[in-house]
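Only this structure's heavy atoms are used, side chains among them; waters, hydrogens and symmetry mates stay out. Residues: numbered from 1 along the sequence shown.
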Amino acid sequence: MKNNKTVVNEVIEDFKRRQLERKPFETNWQINMNFLMGNQYCNVGYGGLVEEADKQFFWQEREVFNHIAPLYDVRTAKLTGSKPKFTVVPATNDESDKQTAKVSKKILESVHYKLCIDEKINQAIKWSEVTGTSFYKVTWNGKLGQVIANSEEGNSIRSGEVEVEAISPFEIYPDSPTRESLNDCQSIIHARAYSIEEVRTMYGLDLKGQDINCYSLDNVLNGLGGLGYNATTTKFVEGTKTNSALVLEKYVRPCASFPKGRLIIVVGDVLVYDDELPYLCGDDKKRDFPFIRQVSLEQAGCFWGSSVIERLVPVQRAYNAVKNRKHEFINRLTLGVLSIEDGSVDLENLEEEGLCPGKVIVYRQGAQQPKFLSGEAIPSGFADEESKLLDEFNRISGVSETLGTDYVNANMSGAALELMIGQDEARLNTTIESIRSACINIAKRILRLYKQYALFPRLARLIGDNGQVEMFYFSSNDISSDDVVIDVQSELSDSLTGRREMVFSLLKAGVLHDEEGKLSSRMKNKVLEMLGFGNWENAQDISELHIKRADNENLKMLDGVVVKVSPIDDAELHIAEHISFMLGGEYEKALKNNVKLEDVFLEHINQHKKTLSEVKV
């Protein structure tokens with residue numbers, strides 16, 4: 001058994017090795033960040049460091065015409081609109097599986113609202129669009145949740161809660177950059193700098209603070225601007241975080257040496273944890289990393305994804321060069337270039353003041369008077385190259401001006417427009433699929449962690465239809481993450497326009513009309529809501545309310561409670577739900593312990609049938 005000092009040294013040395021292997025990718029991320037923020041006159045210098053390039057001449061135009069930032073904004077706006085909606089599907093038609101699926105779906109909806117999952121996904125999308133890769137960390141925090149007891153020392157004992165974080169790639173170190181996915185990695189190191197106060201709160205350690213290398217933003221004057229003016233920009237630079245400690249978490253996948261995996265946590269130079277992997281978050285209840293990887297564009301044979309910005313950097317450099325050379329040409333045309341005979345005029349005065357309007361030029365008698373050199377018109381090549389580069393921006397980024405005035409004919413049909421929009425969206429499918437896959441894994445891991453740790457009943461809150469708050473209890477026994485499937489649907493196809501088209505199609509087909517071919521008053525109101533004069537989600541069908549009422553009656557009768565039939569019940573729906581429940585496995589199990597249970601259900605169903613026959617008569 002290795003002692004603590006040996007383990008700490010091994011983890012630190014392993015971390016330094018991984019830092020060196022990741023350095024080339026890290027440099028690309030810095031370049032991407034700088035170009036996005038407008039610091040576009042930087043390059044990779046000696047030792048892989050990002051360096052600034054200075055002006056070569058005082059008159060040189062070095063302005064930035066940033067087209068990467070708006071393209072980044074458009075891509076992130078489209079991608080954040082593609083966040084999936086979770087639907088937990090039962091594995092079988094058995095009633096117990098249906099109940100499990102309903103509880104699981106409610107848990108996901110509750111956690112989604114409570115932990116602001118949408119904000120975490122948006123943050124991860126921004127990181128992946130800049131650097132090519134981002135991560136989610138799904139863990140269990142025993143210091144969160146509801147207070148269930150108090151210890152003798154007066155400390156609160158809590159039920160624990162799932163934690164979901166969006167993590168930048170600057171904090172993740174795989175065992176090799178040649179791994180193509182997290183499943184291929186045998187170990188992962190998560191490195192993060194915490195302040196001394198945070199370390200004291202989290203681990204109870206009183207360490208001496210150090211300066212930790214990190215990345216930060218800085219406003220600098222780096223030779224931007226043009227003739228007669230300067231400009232500043234924000235750049236992404238390496239800095240230091242003072243009075244801090246580096247926390248290294250090394251996760252090792254289960255193997256022959258460590259059948260249950262291994263987690264080592266080193267704070268500074270102190271070993272605070274060295275034991276098995278705590279989370280049964282993998283498939284088939286296996287121990288696994290708590291991380292989920294999301295990429296913008298996959299790279300074959302590489303762990304790190306690729307960013308569109310990497311492809312746009314050469315185009316952006318060329319575009320800046322063309323625009324600046326064009327402006328320098330214009331400066332020569334407007335300011336002019338003087339030809340002066342040596343010793344004919346006061347050269348120093350002419351250099352300082354130029355040829356301002358009304359200026360009197362005194363030149364030596366017998367000498368030639370100063371004159372402007374004749375200039376040429378702006379070459380057409382500037383405009384042609386500029387136009388080609390703008391088109392190249394759109395082609396490379398996957399974002400085109402589909403609805404721009406230059407692309408849309410006034411007589412173009414709606415089907416043609418729809419086809420163009422569909423082609424535009426198809427270029428983002430690779431990135432959208434990665435987001436969907438990551439969200440599916442987040443949902444699965446949330447359910448698996450509750451299955452592992454939610455041993456006692458816990459109260460959850462859910463914001464239901466029409467803003468109603470629904471409270472429900474659940475425990476690990478109510479979750480079976482292995483027999484549910486998480487389905488997702490892109491919100492791109494669930495837009496207001498798509499909804500309206502669907503409603504009009506249903507109206508045209510007569511699906512929404514009653515048996516007499518008319519549109520009832522209630523259906524008219526619902527159609528208005530679905531068209532945008534109300535909330536689509538709040539257009540709740542009365543049939544759903546009857547089904548929910550029947551499900552609650554099933555649970556009451558399962559406990560032996562005699563439930564009376566209400567005159568407002570939809571008898572047909574209630575009968576169907578009660579019979580469906582009686583055919584399920586949960587009812588069969590309860591029937592073995594209570595033989596009279598069948599009489600309770602049949603009596604209730606007969607009352608519904610009696611009410612139904614009276615209505616028909």
Side-chain angles (χ1 to χ4, degrees), residues 4-5 7-39 42 44-52 119-120 123-124 126-127 130-131 133-135 137 139 141 143-144 163 165-174 188-222 232-251 263-274 291:
N4 292 352
K5 190 64 177 177
V7 173
V8 169
N9 290 336
E10 288 181 352
V11 171
I12 293 176
E13 289 301 319
D14 189 21
F15 171 67
K16 291 180 179 179
R17 176 188 64 81
R18 300 184 189 209
Q19 275 186 310
L20 292 176
E21 291 180 346
R22 203 191 67 175
K23 188 63 178 177
F25 303 96
E26 202 172 292
T27 304
N28 281 339
W29 303 340
Q30 293 182 60
I31 293 291
N32 293 348
M33 293 285 290
N34 278 295
F35 267 75
L36 177 63
M37 291 183 291
N39 180 31
C42 59
V44 181
Y46 180 77
L49 299 177
V50 177
E51 298 178 348
E52 304 296 326
E119 294 182 9
K120 309 293 176 60
Q123 186 179 354
K126 292 175 183 177
W127 274 115
V130 177
T131 63
T133 316
S134 60
F135 297 87
K137 187 178 183 182
T139 56
N141 191 337
K143 298 180 180 179
L144 301 178
E163 240 183 350
E165 296 179 85
I167 299 177
S168 78
F170 289 97
E171 298 181 5
I172 300 297
Y173 297 83
I188 289 285
I189 290 181
H190 180 202
R192 180 181 290 179
Y194 291 92
S195 66
I196 293 302
E197 288 299 324
E198 290 176 309
V199 170
R200 186 178 295 113
T201 302
M202 295 168 59
Y203 301 103
L205 299 176
D206 193 4
L207 301 178
K208 183 179 179 180
Q210 297 178 341
D211 293 339
I212 307 296
N213 290 334
C214 62
Y215 293 95
S216 62
L217 303 180
D218 190 16
N219 287 322
V220 292
L221 180 68
N222 63 346
T232 61
T233 185
T234 302
K235 71 174 184 177
F236 192 70
V237 296
E238 288 193 28
T240 56
K241 188 174 181 179
T242 60
N243 198 29
S244 303
L246 183 64
V247 177
L248 301 177
E249 299 177 1
K250 183 175 180 179
Y251 297 83
L263 171 59
I264 307 172
I265 301 178
V266 176
V267 181
D269 56 354
V270 179
L271 181 66
V272 298
Y273 185 91
D274 185 4
F291 301 105

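Looking at heavy atoms from C-beta onward, T131 lies out of side-chain contact with N32 at the 4.5 angstrom threshold. Side-chain contact between F25 and T133: absent, with no pair of heavy atoms (C-beta onward) separated by less than 4.5 Å.
For the atom pair E198 CD and I196 CD1, the distance stands at 10.0 Å (nearest 0.5 Å). How far CG of N4 is from CD1 of I264: 10.5 Å, rounded to the nearest 0.5 Å. Y273 OH to Y203 OH: the interatomic distance, rounded to the nearest 0.5 Å, is 11.5 Å. A distance of 10.0 Å separates CG in N243 from CD1 in I212, rounded to the nearest 0.5 Å. Expressed to the nearest 0.5 Å, how far CG of D269 lies from CG of L248 amounts to 11.0 Å. Taken from NZ in K143 to OG1 in T201, the straight-line distance is 8.0 Å, to the nearest 0.5 Å.
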Stepwise salt bridge (Lys or Arg N to Asp or Glu O under 4.0 Å) check, R17 with E13: CA-CA 6 Å; R17 176 188 64 81; E13 289 301 319; over 6 Å; no
Residues E21, R18; criterion salt bridge (Lys or Arg N to Asp or Glu O under 4.0 Å); working and verdict: CA-CA 5 Å; E21 291 180 346; R18 300 184 189 209; over 6 Å; no
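Remark: the backbone N or O of I172 is paired with a side-chain donor or acceptor of R22 at under 3.5 angstrom. Using modelled atom types, one side-chain atom of S244 and one backbone atom of T242 make a donor-acceptor pair closer than 3.5 Å.
Residues forming a side-chain hydrogen bond (donor to acceptor under 3.5 Å, both in side chains) with E171 (at least two apart in sequence, or on another chain): H190, R192. Under the salt bridge (Lys or Arg N to Asp or Glu O under 4.0 Å) criterion, K137 pairs with E249, not counting sequence neighbours. K250 is linked by a salt bridge (Lys or Arg N to Asp or Glu O under 4.0 Å) to D14, counting only residues two or more places apart in sequence or in another chain.
The environment of E165 atom CD is dense: over 12 non-hydrogen atoms of other residues, nucleotides or ligands sit within 6.0 angstrom. Shown here is K126, whose NZ atom has no more than 12 heavy atoms of other residues, nucleotides or ligands within 6.0 Å.
The two atoms that bring F135 and P169 nearest to each other are CE1-CA, 4.0 Å, heavy atoms only. Here the closest heavy-atom approach between residue A193 and residue L246 is recorded as N-CD1, 4.3 Å. Across all non-hydrogen atoms, the minimal contact from A124 to S134 is O-OG, 2.9 Å. The shortest non-hydrogen separation linking I12 to G268 is CD1-O, 4.1 Å.
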